[in-house]
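These values consider heavy atoms only, across backbone and side chains, with no hydrogens, waters or symmetry-generated copies. Lettering of chains follows the sequences in order, A, B, ..., and the numbering in each one begins at 1. Everything quoted here is computed from the prediction, not taken from an experiment.
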Protein chains: 2
Amino acid sequence: MTTEELKTYLPEFTDPRLLETLLEKGQVMNLEPGKVLMEPGKFVKMVPIVLEGSIKVMRMDEDGKELFLYYLDAGETCALSLTCCSAARPSEIKAVVEEPTTIIAIPVSLHEQLTDEFKQWKDFVSETYQSRFHEMLVALDAVAFKRMDERLMRYIVTKMKQHKTNELNTTHQEIANELGTSREVISRLLKQLEKKKWIELGRNVIYIRDDFEELISK
Amino acid sequence: MTTEELKTYLPEFTDPRLLETLLEKGQVMNLEPGKVLMEPGKFVKMVPIVLEGSIKVMRMDEDGKELFLYYLDAGETCALSLTCCSAARPSEIKAVVEEPTTIIAIPVSLHEQLTDEFKQWKDFVSETYQSRFHEMLVALDAVAFKRMDERLMRYIVTKMKQHKTNELNTTHQEIANELGTSREVISRLLKQLEKKKWIELGRNVIYIRDDFEELISK
DNA sequence: TTCCTAATGTGATAAAAATCACATAAGACC
DNA sequence: GGTCTTATGTGATTTTTATCACATTAGGAA
């Protein structure tokens, strides 16, 4: 990959020396759906910056129950990998690839150095912390203040926007896992949405009708 | 206040120039319990570093419902004020003083400058992000994965340790607010804890028996 | 002391979620 | 087509939490 190419992925980095350094020391990787980038307890050895595609970030509790937190989109990185690695602490979250994704993996040691040397990197890190904090608060709001029906609707819209489709290929069980509830609850709530003509259900698929998104955005 | 004094509060800052700059540009303030330092929607104009005492940080939803997040203790600062102010965004949280507290308020503009100039400040900011992120995850775990009885017990222990006492002066209503539930729920759960001989209830007071903390720490 | 207010106690009921227990269906594979 | 696995549908029940409706009480103020 050339610095010019990298620049198109990360337009906020215009400093040629920063781009060169990233390319030289970082490693561009193509990841397939299903790839687990980070798991609770494992040590983080690199900071992944998403160039194309996205990475799903989840929290897990002791008994393996999951909770969807947010997506890392193109141009974003994981605040937790920034903090975990600089303190040499194990990961507190799980990161999974859901669609074909390209990242550039920055070694932990380089991150420290970049922070000292490049204002654009420092701003990038600051921006990352800010947006991840915000996403965490959104996730917290959902579990603290919203009922499951609303959480499910938001979840569907999030996935829709994320994958730029009105057709989700997933199972009720998987949704239940990501929302930290049981399959039956999700099945029943989805049925309700279908009755309201907002979605249509098939095996392994949920079609989202056009009126649904309008309804949510209000 | 002298730089020597400031150093005793913030032992990780040994650089005399950093300490001088903080004292010169920052403002030491004594805050009384009840003082609201930050509110959702208001703009943040300074970064408060706690020197003595503590600050309670809470999330609020649209209808004013609250949720306790964590305490900022001596030597700590608010990650959200760091992010909010550098982006000139309104606060997403509420910060309240619960015990007599001394802070040093650093102007937003200075923070940027300090980051460039002092490695110790940079590390401090990084450490802050890290610990606040961790606290957020702990708060998230509670609402996502724990039942109210366990959340209440953890809440009591947290307050106990925070105020270094085995006697909490608070009302059931206040606890309910901070845990995002209703007063009746808390009253009933407290009664259960009393029946188990872990606490004793009075008007405006909860005495925590010695066996309780042992029980929790396991 | 008496009165008043805020705090607490508690039954009854409703609502939301979780769990159990199957029935049914859809699609893969032979 | 038949068989099998996995996904979905759904009733019944339980658990947890929320809400409503009061009774009771503690402690401050007059």
Side-chain angles (χ1 to χ4, degrees), chain A residues 34 61-68 139-156 159 167-208, chain B residues 34 61-68 139-156 159 167-208:
Chain A
D61 84 340
E62 314 88 48
D63 359 315
K65 240 175 131 186
E66 302 181 332
L67 184 75
F68 169 77
L140 196 83
D141 281 347
V143 283
F145 303 125
K146 309 292 184 191
R147 284 207 314 279
M148 195 52 79
D149 53 354
E150 189 173 343
R151 289 178 58 199
L152 176 59
M153 289 196 285
R154 287 174 186 278
Y155 175 89
I156 291 173
K159 285 260 167 174
E167 187 180 322
L168 300 184
N169 291 102
T170 182
T171 66
H172 301 181
Q173 185 63 63
E174 204 180 307
I175 298 176
N177 290 151
E178 300 204 356
L179 292 177
T181 182
S182 64
R183 199 266 312 161
E184 295 93 316
V185 171
I186 296 301
S187 287
R188 274 187 256 261
L189 290 174
L190 284 172
K191 247 317 162 259
Q192 286 180 27
L193 293 180
E194 193 179 39
K195 269 183 198 144
K196 288 180 190 164
K197 309 274 187 198
W198 291 348
I199 61 174
E200 283 170 58
L201 299 174
R203 189 187 172 87
N204 288 312
V205 66
I206 300 172
Y207 303 96
I208 296 101
Chain B
D61 85 339
E62 313 89 48
D63 358 315
K65 238 175 132 187
E66 302 181 334
L67 184 74
F68 169 76
L140 197 84
D141 282 347
V143 283
F145 302 126
K146 309 294 184 191
R147 283 206 314 277
M148 196 51 80
D149 53 354
E150 189 174 343
R151 288 178 59 199
L152 175 60
M153 290 196 283
R154 285 175 186 279
Y155 175 89
I156 290 174
K159 284 259 166 176
E167 186 180 323
L168 300 184
N169 291 102
T170 182
T171 66
H172 300 180
Q173 185 63 63
E174 205 181 308
I175 299 176
N177 289 152
E178 300 204 356
L179 292 176
T181 183
S182 63
R183 200 267 313 161
E184 296 93 318
V185 171
I186 296 300
S187 289
R188 275 188 254 261
L189 290 174
L190 285 173
K191 248 311 152 271
Q192 286 179 26
L193 293 181
E194 194 180 38
K195 270 183 197 144
K196 288 181 190 164
K197 311 275 188 196
W198 293 348
I199 60 174
E200 283 171 59
L201 299 174
R203 190 186 172 87
N204 289 313
V205 66
I206 300 172
Y207 302 96
I208 295 102

Rounded to the nearest 0.5 Å, what separates atom [atom1] in [X] from atom [atom2] in [Y]?
| X | Y | atom1 | atom2 | value |
| --- | --- | --- | --- | --- |
| A:Lys65 | A:Leu67 | NZ | CG | 9.0 Å |
| A:Arg154 | A:Leu179 | CZ | CG | 12.5 Å |
| A:Arg151 | A:Phe145 | CZ | CZ | 13.0 Å |

With the side chain of B:Glu184 defined as its heavy atoms from C-beta on, choose the nearest nucleotide among C:dA17, D:dT19, C:dT19.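 In terms of side-chain proximity for B:Glu184, the closest of C:dA17, D:dT19, C:dT19 is D:dT19.
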For atom [atom1] of [X] and atom [atom2] of [N], their distance in whole Å:
| X | N | atom1 | atom2 | result |
| --- | --- | --- | --- | --- |
| A:Arg188 | D:dT8 | CZ | P | 14 Å |
| B:Met148 | C:dA16 | CE | C1' | 13 Å |
| B:Ile206 | D:dA26 | CD1 | P | 17 Å |
| B:Leu201 | D:dT25 | CG | C1' | 14 Å |
| B:Asp149 | D:dT16 | CG | C1' | 9 Å |
| B:Leu189 | C:dT8 | CG | C1' | 14 Å |
| A:Ile175 | D:dG9 | CD1 | C1' | 15 Å |
| A:Leu152 | C:dA16 | CG | P | 15 Å |

For A:Lys146 and for B:Leu190, find the nucleotide of DNA chain C with the closest heavy atom, then tell me which residue's nucleotide is more 5'.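 The 5'-side residue here is B:Leu190.
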Please figure out whether A:Arg203 or A:Lys65 has its closest DNA chain C nucleotide nearer the 5' end.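 Residue closer to the 5' terminus by nearest nucleotide: A:Lys65.
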Below 3.5 Å, does any donor atom in the side chain of A:Arg183 face an acceptor in the base of D:dT6, or the other way round?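 There is none.
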Test side-chain contact (heavy atoms from CB on, under 4.5 Å) applied to A:Ile156 and A:Thr170, A:Ile175, A:Leu190, the passing residue: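 Going through the options one by one, the only one that passes is A:Leu190.
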Identify the two heavy atoms, one from B:Leu168 and one from B:Lys159, that lie closest to each other, and give their separation to 0.1 Å.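 Heavy atoms only, the tightest pair is CD2-CB, 3.7 Å.
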Heavy atoms only, 4.0 Å cut-off, all strands: where does B:Thr171 land among base, sugar-phosphate and nothing?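 The residue B:Thr171 makes sugar-phosphate contact but no base contact.
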Touch check for B:Asn204, heavy atoms < 4.0 angstrom, all strands: base, sugar-phosphate only, or nothing?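 Sugar-phosphate contact only - B:Asn204 comes under 4.0 Å of backbone atoms but never of a base.
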B:His172 side chain N/O closer than 4.0 Å to the phosphate oxygens (OP1, OP2) of C:dA6?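 Checking C:dA6 against B:His172, no side-chain N or O comes under 4.0 Å of OP1 or OP2.
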Is the phosphate of D:dA18 approached by B:Thr181 (side-chain N or O, under 4.0 Å from OP1 or OP2)?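 Checking B:Thr181 against D:dA18: at least one side-chain N or O falls below 4.0 Å of OP1 or OP2.
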